[in-house]
2 protein chains.
Amino acid sequence: MAEDRRIRKTRRALRDALVALVLERGFTALSVEDITQRADVARATFYSHFRDKDELFARVTRDLLDELDERLRPAMAETAVGFTGRPVLEMLRHARQERDLYRIVLRGEGDGKPLRMFTEACARVAAEEFRGRSERNDVKPRIDADLLARVWVGEQVSVLQWWVEHETPPLPAEEVVRMLLDFALHGRYWATGFDRPE
Amino acid sequence: MAEDRRIRKTRRALRDALVALVLERGFTALSVEDITQRADVARATFYSHFRDKDELFARVTRDLLDELDERLRPAMAETAVGFTGRPVLEMLRHARQERDLYRIVLRGEGDGKPLRMFTEACARVAAEEFRGRSERNDVKPRIDADLLARVWVGEQVSVLQWWVEHETPPLPAEEVVRMLLDFALHGRYWATGFDRPE
DNA sequence: TGCGTTACCGAACAACCTGTCTGGAAACAT
DNA sequence: ATGTTTCCAGACAGGTTGTTCGGTAACGCA
């Protein structure tokens, strides 16, 4: 019993309509009718798939995260330092591909719920990686792994926001990764161009 | 013609009601009536002050930022490295004082608009400081000042979120500042406990 | 203290949105 | 070809929004 083609079609249409409209007008400003109209779907049909706007957005976000996870997993093996390296590159590529969706999620549309899903997913992966790394090499971290993961993700997210909000990538993905690597290794102070004090 | 006491009272009541209710139920879930009821104010009165929920939230956020700016300005002089130091300490104190409001803003309530106001205000101040510093000392930054500011703010915000969401401060403000200073100087990799590679 | 001004209240209004439920038409898998 | 499932159009009550009104009470100021 494969999935009905009609279902795939309407779900896809609703997803695309949501992303496009949120980008144009913002999540709260949308009515369900706006979405169904753009998707060319009856309003009643919407409610046979999702309880409300939020559930649709949450579902779309979850799918994105699953997809991201899929792409991150094989890249984790060959990561460079701490966490920054191949995985981040893969994430940037993913973001370029799903640019509009990344934009609305990272903007905090939907009262920041999708963004929280995103950051928490990333933080979970990062914290795990940190812990595993520490154990394997028998090194005691100077800072709580969860807090460290949060900081890392925060940096990540703000760079992603910056990158994805420019019409044309202001820096190739590889350059961004290299920059983040520099931050991780030398700190932000290094970036100011000053020599490290004392 | 000093400002009418009645106006101050209702504005204050609406502000407090908004903050409390958003914390409890989230911004989108609220109706204007919910807010006016909690504030013990007539619904019609609400609309004589604000166009809608969003304007109230935006106004509350703006007031917060003005207050923050007030406190940051005198602290800027004695800043430590890059930007991290007294200003950050002052911000943490401000956040402890206005904890609930900080929480809802940092959560991205209101489709992330207040959060954007916050981050952009911080980024503007930081970028300015970076540029001024570079010019005064005639040092060429290795990284674009705006991007650097964004990264700094991202780190800042994520730590603030972490700090302010704990019922009781998980770390005294002074410790947090010291930690951020370490990040700025040695990088995140340092925090993992590993020695710097090569 | 009294007076003119101004903000608040409560109620009512149309317009819109929400979520649910129909019966019938159309597309589906096999 | 057939039985099943999804889609559609329309209607429904209940709630929300933003505006308007006249009456009442609190205000600043002289």
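Throughout, protein chains are lettered first and strands after them, A, B, ... in sequence-line order, and every chain is numbered starting at 1. A quick note: this is a predicted structure, and the numbers were derived from the prediction, not measured.
- Residues B:Leu68 and B:Phe118 are in side-chain contact: their nearest non-hydrogen atoms beyond the backbone lie under 4.5 Å apart.
- Using a 4.0 Å cut-off, no side-chain N or O of B:Ser48 falls inside it from OP1 or OP2 of C:dA7.
- To the nearest 0.5 angstrom, A:Arg107 atom CZ is 12.5 Å from A:Leu115 atom CG.
- Checking the phosphate oxygens (OP1, OP2) of D:dC7, a side-chain nitrogen or oxygen of A:His49 falls inside 4.0 Å.
- Picking from C:dC8, D:dC27, D:dC8 the nucleotide with the shortest atom distance to the side chain of B:Thr10 gives C:dC8.
- Phosphate contact (OP1/OP2 of D:dA26, side-chain N/O of B:Arg6, threshold under 4.0 Å): absent.
- Mapping B:Asp34 and B:Lys9 onto DNA chain D via the closest heavy atom, the residue that lands nearer the 5' end is B:Asp34.
- Among C:dC21, C:dT18, C:dC9, the nucleotide with an atom closest to any side-chain atom of A:Val32 is C:dT18.
- Atoms CG and CG, from A:Leu23 and A:Leu101 in turn, are 10.0 Å apart once rounded to the nearest 0.5 Å.
- Looking at A:Arg43, its side chain comes within 3.5 Å of the base of C:dG19 through a donor and an acceptor atom.
- Whole-Å rounding puts the B:Leu14 CG to C:dA7 P distance at 15 Å.
- Atom C1' of nucleotide C:dT18 and atom CG of A:Leu56 are separated by 16 Å, given to the nearest angstrom.
- If you measure from atom CG of A:Leu21 to atom P of C:dC17, you get 13 Å, rounded to the nearest angstrom.
- Close to C:dT20, at under 4.0 Å from its OP1 or OP2, lies no side-chain N or O of A:Tyr47.
- Comparing B:Arg5 and B:Lys53 by the nucleotide of DNA chain D that holds the closest heavy atom to each, the one mapping nearer the 5' end is B:Lys53.
- Looking at A:Arg12 and A:Asp16, a side-chain N of the basic residue comes within less than 4.0 Å of a carboxylate O on the acidic one, giving a salt bridge.
- Paired with A:His94 under the rule side chain to side chain donor-acceptor pair (under 3.5 Å), one option of A:Glu67, A:Arg71, A:Glu70 passes, and it is A:Glu67.
- What separates CZ of B:Arg8 from C1' of C:dT6 is a distance of 15 Å, to the nearest Å.
- Using bins of under 30°, 30° to 60° and over 60° for the plane-to-plane angle, the ring pair B:Phe50/B:Phe46 lands in the tilted bin.
- In this structure, the nucleotide among D:dG18, D:dC8, D:dT16 sitting nearest to the side chain of A:Val41 is D:dC8.
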Working for salt bridge (charged side-chain N to carboxylate O under 4.0 Å, His left out), residues A:Glu90 and A:Arg86: CA-CA 6 Å; A:Glu90 213 54 50; A:Arg86 263 300 303 280; 3.0 Å; yes
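- Contacts of B:Asp40 with the nucleic acid, taken as non-hydrogen atoms under 4.0 Å apart, involve only primed sugar atoms and P, OP1 or OP2.
- Rounded to whole Å, atom P of D:dT5 lies 14 Å from atom CD of A:Glu3.
- Counting to the nearest Å, the P atom of C:dA26 and the CG atom of A:Asp4 are 17 Å from each other.
- Comparing the end axes of the helix from C:dT1-D:dA30 to C:dT30-D:dA1, each fitted to five base pairs by superposing C1' atoms of four pairs onto the next four, gives an inter-axis angle of 60° (nearest 10 degrees).
- Between the CZ atom of A:Arg12 and the P atom of D:dC7 there is a distance of 16 Å, rounded to whole Å.
- Between the CD atom of A:Glu55 and the P atom of C:dT18 there is a distance of 15 Å, rounded to whole Å.
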